[in-house]
Amino acid sequence: MDKLQISLAAARVNAGMTQEAAAREMHVSKQTIINWEKGKVIPGIPEIEMLSRIYNIPQDNIFLPCYST
């Protein structure tokens, strides 16, 4: 069975957070949250761990979009 993968944007919305609230909790700018959600920048492992904690989902379930340019 495949594991459920949740996009960062969906995880944030499901956690009831705005981009601004997530940015405050993560101590980053709103633009950083936007860039992570759009796949322009990939968060590092410490950031993924924190996102997992504040969004209340397992790290393995976080889907990070990857776009080639």
Side-chain angles (χ1 to χ4, degrees):
M1 176 188 261
D2 292 330
K3 68 181 174 199
L4 174 67
Q5 291 193 313
I6 303 167
S7 74
L8 286 178
R12 175 183 51 75
V13 170
N14 286 338
M17 299 182 81
T18 64
Q19 289 174 327
E20 293 87 358
R24 277 193 307 274
E25 188 76 24
M26 294 287 300
H27 304 286
V28 298
S29 69
K30 177 182 169 186
Q31 190 61 49
T32 297
I33 299 294
I34 291 168
N35 288 339
W36 289 344
E37 290 181 359
K38 290 184 176 185
K40 291 183 178 183
V41 178
I42 303 299
I45 292 172
E47 290 82 14
I48 291 172
E49 290 171 348
M50 187 178 278
L51 287 166
S52 169
R53 195 169 51 252
I54 68 171
Y55 294 165
N56 197 30
I57 60 170
Q59 292 177 37
D60 291 347
N61 289 22
I62 295 176
F63 171 73
L64 300 171
C66 297
Y67 300 98
S68 58
T69 55

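Just so you know, these numbers come straight off a predicted model, no measurement behind them. The analysis underlying the following values was restricted to heavy atoms, covering all of them including side chains, and did not include hydrogens, waters or symmetry mates.
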>> If the condition is side-chain contact (heavy atoms from CB on, under 4.5 Å), which residues does R24 pass it with, not counting sequence neighbours?
In response: E20, A21
> Quick one: side chain to side chain donor-acceptor pair (under 3.5 Å) partners of N35, sequence neighbours excluded?
Replying inline: Q31
> How long is the span from the CD atom in E25 to the CE atom in M17, to the nearest 0.5 Å?
Replying inline: 5.0 Å
> What's the verdict on side-chain contact (heavy atoms from CB on, under 4.5 Å) for M26 and W36, showing C-alpha distance, side-chain angles and the deciding distance?
Replying inline: CA-CA 12 Å; M26 294 287 300; W36 289 344; 3.8 Å; yes
Cut-off 3.5 Å, no hydrogens considered: what does the side-chain donor-acceptor table look like for residues 43-58, sequence neighbours left out?
from : atom 1 : to  : atom 2 : distance (Å)
E47  : OE1    : G44 : N      : 3.0
S52  : OG     : I57 : O      : 2.4
S52  : OG     : Q59 : N      : 3.4

>> Taking V13 as the starting point, is it possible to reach I33 by hopping between hydrophobic residues whose side chains are less than 4.5 Å apart?
In response: no
